[in-house]
Participant: 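This structure is in structure tokens; I'll ask about it shortly.
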Amino acid sequence: MKSGQDWKSWLFLYPLLQGLGGVGWWCLLLAVPESRALFLSETLSERVLLAFWLPDGVVFVGGSFVLAYGLWRQRCWAGPVLYFLTGGIAYVSLYCLSLSLATQGGWLGTGLMLVCLGLMLLVGLIHTSRCCGKAEDVQDHVSTDAG
């Protein structure tokens, strides 16, 4: 069985895959316009879906790649990026849920966002467990992050 430290050393893989998934999702939507119907309802315009390109590109995709790099290189700024990204994903997930409830459609996109949110919360718990612990562990963490 892997120790907690082994899991944390591989933690960067999830945001990396999430960023790649975001790029793939946008490539699908742009290259195959028929695929957009999977994420829409009868009352929801394609313009609403396509309007997510900027926040998705900056926060979801860009933030995922920045977080993956920060976790991989064990940078002290990875924690704030993790919290920012998780907050952004939480906001969009709740917006998508509200939109799906109001329009009775777009459930696939809402489901994907809720899964991403759950996994980001898990990444946050695992990452934070490395940062919390006994008093002597905190001193070790502060010393490590300073360099």
Side-chain angles (χ1 to χ4, degrees), residues 1-134 137-138 141-142 144-145:
M1 181 165 165
K2 289 187 177 270
S3 71
Q5 191 58 37
D6 289 341
W7 284 110
K8 290 172 195 161
S9 65
W10 291 99
L11 201 56
F12 76 95
L13 283 177
Y14 176 71
L16 177 64
L17 293 174
Q18 179 174 268
L20 291 171
V23 169
W25 187 74
W26 278 104
C27 287
L28 173 70
L29 289 182
L30 296 174
V32 185
E34 301 81 31
S35 67
R36 298 173 193 166
L38 296 170
F39 304 98
L40 298 171
S41 69
E42 292 178 14
T43 60
L44 186 62
S45 162
E46 278 189 16
R47 288 181 291 177
V48 173
L49 178 66
L50 296 177
F52 279 97
W53 76 267
L54 183 59
D56 254 18
V58 174
V59 177
F60 189 84
V61 174
S64 293
F65 289 144
V66 169
L67 176 60
Y69 177 80
L71 291 174
W72 175 55
R73 303 295 292 171
Q74 299 179 356
R75 300 291 189 227
C76 61
W77 47 260
V81 172
L82 170 68
Y83 306 136
F84 172 80
L85 179 60
T86 303
I89 290 172
Y91 184 88
V92 172
S93 297
L94 291 174
Y95 178 82
C96 288
L97 180 60
S98 176
L99 195 59
S100 288
L101 289 170
T103 64
Q104 296 301 309
W107 289 106
L108 180 58
T110 297
L112 290 172
M113 286 307 303
L114 290 171
V115 168
C116 289
L117 175 58
L119 291 170
M120 284 302 299
L121 291 171
L122 181 61
V123 168
L125 286 172
I126 294 168
H127 177 74
T128 303
S129 72
R130 179 183 72 162
C131 300
C132 300
K134 301 176 199 163
D137 294 339
V138 172
H141 180 68
V142 170
T144 302
D145 279 351

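Here the structure is a predicted model, which is why all the values come from computation and not from measurement.
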Participant: From Trp107 CH2 over to Leu97 CG, what is the distance, rounded to the nearest 0.5 angstrom?
Facilitator: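 Nearest 0.5 Å value for the CH2-CG distance: 5.5 Å.
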Participant: Once side-chain hydrogen bond (donor to acceptor under 3.5 Å, both in side chains) is applied, do any residues pair with Ser41, and if so which ones, sequence neighbours excluded?
Facilitator: Thr43, Thr103
Participant: List, one per line, each side-chain donor-acceptor pair under 3.5 Å for residues 11-25, sequence neighbours excluded.
Facilitator:
unit_1 : atom_1 : unit_2 : atom_2 : d
Tyr14  : OH     : Gln18  : OE1    : 2.7
Gln18  : NE2    : Ser64  : OG     : 2.8

Participant: Atom CG of Leu29 and atom CZ of Phe39: how far apart are they, to the nearest 0.5 Å?
Facilitator: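 Rounded to the nearest 0.5 Å, the CG-CZ separation comes out at 6.0 Å.
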Participant: Does the side chain of Val59 come within less than 4.5 Å of Val92's, by heavy atoms?
Facilitator: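 They are not in side-chain contact.
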Participant: Working to the nearest 0.5 Å, report the span between CH2 of Trp72 and CG of Leu67.
Facilitator: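 Atom-to-atom, Trp72:CH2 and Leu67:CG are 14.0 Å apart.
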Participant: Could you give the distance from CG (Asp56) to CE (Met113), rounded to the nearest 0.5 Å?
Facilitator: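 Answer rounded to 0.5 Å: 6.5 Å.
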Participant: Excluding sequence neighbours, so at least two apart, what forms side-chain hydrogen bond (donor to acceptor under 3.5 Å, both in side chains) with Thr86?
Facilitator: none
Participant: Return the minimal non-hydrogen interatomic distance between Ser100 and Gly105, and the atom names on each side.
Facilitator: OG-O, 2.8 Å
Participant: So do Trp26 and Leu50 actually touch side chain to side chain, heavy atoms under 4.5 Å?
Facilitator: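 Yes, at least one pair of side-chain atoms sits under 4.5 Å.
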Participant: Look at atom CH2 of Trp77 and say whether more than 12 heavy atoms of other residues, nucleotides or ligands are closer to it than 6.0 Å.
Facilitator: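 Yes.
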Participant: Of all the heavy-atom pairs spanning Leu38 and Leu108, show the shortest one and how long it is.
Facilitator: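 Here Leu38 and Leu108 meet closest at O-CB, 3.6 Å.
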Participant: Below 4.5 Å, heavy atoms only, C-beta onward: do Leu49 and Leu40 meet side chain to side chain?
Facilitator: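 Of all side-chain heavy-atom pairs linking Leu40 with Leu49, at least one is under 4.5 Å.
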Participant: Do you know the tightest heavy-atom contact between Gly57 and Val61?
Facilitator: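 Smallest heavy-atom distance, with atoms named: O-CB, 3.7 Å.
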Participant: To the nearest 0.5 angstrom, please state how far the CG atom of Leu28 sits from the CD atom of Glu34.
Facilitator: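 Output value for this atom pair is 9.5 Å.
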Participant: Among Leu117, Val123, Leu119, whose side chain to side chain contact (heavy atoms under 4.5 Å, CB included) with Leu121 holds?
Facilitator: Leu117
Participant: Looking at His127 and Leu71, what are the two nearest heavy atoms and their distance?
Facilitator: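 So the minimum-distance heavy-atom pair works out to ND1-CD2, 3.6 Å.
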Participant: Just by distance, do the side chain of Ser129 and the backbone of Ile126 share a donor-acceptor pair under 3.5 Å?
Facilitator: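 Yes, the answer is positive, given that a donor and an acceptor are paired below the 3.5 Å cut-off.
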Participant: Can you tell me how far the CE atom of Met120 sits from the CZ atom of Phe60, to the nearest 0.5 Å?
Facilitator: 8.5 Å
